[in-house]
Amino acid sequence: MNKDAQRLWYSSQKWMAAAFTAFSDGPVLKDMAVHHAGVAAEHLLKAYLAGLHPALIVEGKDFNSLLHATGHGAHASAPRSQTRTIGLVEAYVRVAGILKGSMPVSRQELLPLAEARNGVAHAALHDSAQVNAVFTTCLRMADRILPELLPLGDYWGRYQGLHDKLLDARVVEARVQLEGRLARARQIFSERYAHFGEEDRGLVLAAVANVSSPGYIEHDEPADCPACSSRGWLGGETFVSGKADTVLMSPVVFDCPACDLHLDVEELGMLKEPFPEEVDLEVSPAAFYPEYTGTGPLYGGEHPYSLFTGDEGWDENLVLDRYRPR
């Protein structure tokens, strides 16, 4: 782990300890807990990126910052202290693109965290009803990132017990919410289609199944809905299998146009009959990716991101834009 990654790891640990301290002091300091946890999450994401290459945490359009990050600061017209780095949301997008759909936090869950942290920092505002949800979002994200980094100490320290209890409570709450969503989806399906005869219902559902929900996803595949058994869409991020000449997809979301069921990545894993963690698209990388040459990793170089190393790789926009309209 390079010095930039180490510095960010230790900074994240300090901010997280401060967040737990504020959280433990009661409602009066819950706003500080949200702010500190948000900073801790951002620094941990950046520690992961910086461990791959320091340039990955730099604002891509700031040339002076790129020069400093790539070791060519002597050519920069601004000091290193003025280096511009990416924010929390962009750091998440970059890390999620590298980890191929294995992040336990969806982009929709991340936005309340970013809004809460910015609200406290810039306007002293936050939604008190969302404190626990926002706080545990940080914990879940950190638990996924920490195993990817070299251990530099006990990250959670004396707050390990509180960390565990908060996540246990989050799982119970999430399971209750999931059952509520499934029940509501079944009710919607009944209200919409119960009055049709079997043949007419089949024709209507066949037409409805081709209607995709609004949003952004890299790729989706048809899948049976866990609520109404109609055809829905399992969406995720694709990558080349390391064992066979095929493309796999890591599911991150499910949408059913028939009953309006929407499940995010955490809820997918809580289903009684969960979807597979990897879906084989049964297509070769050369046929699926126009950019694929078959001579090395899809991104080029020795690690997924070689944008600033001088190696041949994808254009930056192609790497960061991991979602497209359906």
Side-chain angles (χ1 to χ4, degrees), residues 8-9 11-24 27 29-49 86-99 101-122 125-149 155-156 159-178 180-181 215 237 250-253 262-270 322-323:
L8 287 161
W9 192 98
S11 177
S12 175
Q13 182 190 41
K14 291 177 182 178
W15 280 103
M16 187 61 77
F20 272 110
T21 299
F23 186 89
S24 303
L29 293 180
K30 287 295 178 68
D31 57 340
M32 300 304 295
V34 168
H35 174 269
H36 296 347
V39 176
E42 178 179 332
H43 286 190
L44 197 60
L45 289 167
K46 288 180 176 179
Y48 174 75
L49 291 171
I86 56 177
L88 171 61
V89 175
E90 183 64 16
Y92 166 86
V93 170
R94 296 187 183 189
V95 172
I98 298 173
L99 296 182
S102 65
M103 288 289 281
V105 175
S106 67
R107 190 183 302 199
Q108 289 73 25
E109 291 178 284
L110 182 79
L111 292 180
L113 166 60
E115 292 169 355
R117 193 203 62 174
N118 292 340
V120 173
H122 302 299
L125 297 173
H126 76 289
D127 185 350
S128 58
Q130 294 294 319
V131 169
N132 281 18
V134 168
F135 200 76
T136 53
T137 294
C138 295
L139 306 187
R140 290 159 54 211
M141 190 156 49
D143 279 343
R144 175 63 186 89
I145 299 298
L146 285 170
E148 302 291 335
L149 300 170
Y155 184 86
W156 301 110
Y159 293 109
Q160 180 70 59
L162 180 55
H163 159 277
D164 295 344
K165 289 182 179 179
L166 285 171
L167 289 185
D168 288 343
R170 164 64 188 171
V171 169
V172 172
E173 180 183 0
R175 291 189 183 279
V176 171
Q177 291 177 347
L178 172 60
R181 286 193 181 191
E237 298 174 344
S250 292
V252 297
V253 65
H262 173 85
L263 302 175
D264 60 28
V265 62
E266 181 186 25
E267 292 166 323
L268 292 179
M270 293 183 176
R322 301 298 297 155
Y323 298 86

Exercise for review: Taking all non-hydrogen atoms of both residues into account, name the closest pair between Pro251 and Val265 and its distance.
Suggested key: O-CG2, 4.2 Å
Check your understanding: Under the side chain to side chain contact (heavy atoms under 4.5 Å, CB included) criterion, do Leu146 and Trp9 qualify, and how do the steps go?
Key -> CA-CA 9 Å; Leu146 285 170; Trp9 192 98; 3.7 Å; yes
Exercise for review: Without swapping roles, check the side chain of Thr137 against the backbone of Ala133 for a donor-acceptor pair under 3.5 Å.
Suggested key: yes
Practice item. Start with the C-alpha distance between Leu167 and Asp143, add both sets of side-chain angles, then the distance that settles side chain to side chain contact (heavy atoms under 4.5 Å, CB included), and finish with yes or no. Key: CA-CA 10 Å; Leu167 289 185; Asp143 279 343; 3.2 Å; yes
Point to revise | Distance-only side-chain donor-acceptor flag, Ser24 / Tyr159, under 3.5 Å | key: no
**Study point:** Tyr155 vs Leu149 side-chain heavy atoms within contact, under 4.5 Å
**Key:** no
**Study point:** Glu148 side chain vs Ile145 backbone, donor-acceptor pair below 3.5 Å
**Key:** no
Review point. Is a side-chain donor or acceptor of Tyr92 paired with a backbone partner of Leu111 at a separation under 3.5 angstrom?
Key: no
Review point. Which atoms form the tightest heavy-atom contact between Val253 and Leu268, and what is the distance?
Key: N-CD1, 3.6 Å
Check your understanding: Under 4.5 Å between any side-chain heavy atoms of Leu110 and Met141, yes or no?
Key -> yes
Point to revise | Close side-chain approach of Leu139 and Met16, heavy atoms under 4.5 Å | key: yes
Check your understanding: With a 4.5 Å heavy-atom cut-off, do Leu88 and Val39 have their side chains touching?
Key -> no
Exercise for review: Work out which heavy atom in Ala96 is nearest to a heavy atom in Glu237; give both atom names and the distance.
Suggested key: O-OE1, 3.4 Å
Check your understanding: Nearest 0.5 Å, what's the CZ-CD distance between Arg175 and Glu267?
Key -> 11.0 Å
Exercise for review: Verify, without hydrogens or angle tests, whether Arg144 (side chain) and Met103 (backbone) share a donor-acceptor contact under 3.5 angstrom.
Suggested key: no
Practice item. State, yes or no, whether a side-chain contact exists between Val172 and Asp168 at a heavy-atom distance under 4.5 Å. Key: no
Review point. Looking at side-chain heavy atoms only, is the closest gap between Phe20 and Gln160 below 4.5 Å?
Key: no
Study note, to complete from the structure: Between the CG atom in Leu113 and the NE2 atom in His35, the distance rounded to the nearest 0.5 Å is 11.0 Å
Check your understanding: Taking atom CD of Glu42 and atom SG of Cys138, what is their separation to the nearest 0.5 Å?
Key -> 11.0 Å
Check your understanding: Any side-chain heavy atom of Leu8 within less than 4.5 Å of one from Leu44?
Key -> no
Study note, to complete from the structure: Ala91 and Leu45 have their tightest heavy-atom pair at CB-CB, 4.0 Å
Exercise for review: Examine distances only and state if a side-chain atom of Arg181 and a backbone atom of His262 form a donor-acceptor pair shorter than 3.5 Å.
Suggested key: yes
Revision key, fill the gap. Closest non-hydrogen atoms of Arg170 and Glu266, given as atom of the first, atom of the second and distance, are NH2-OE1, 2.5 Å
Check your understanding: Going by the angle between their ring planes, with limits at 30° and 60°, are Phe135 and Phe23 parallel, tilted or perpendicular?
Key -> parallel
Review point. Considering all heavy atoms of both residues, which atom of Lys46 and which atom of Ile86 are nearest to each other, and what is their separation?
Key: NZ-O, 2.7 Å
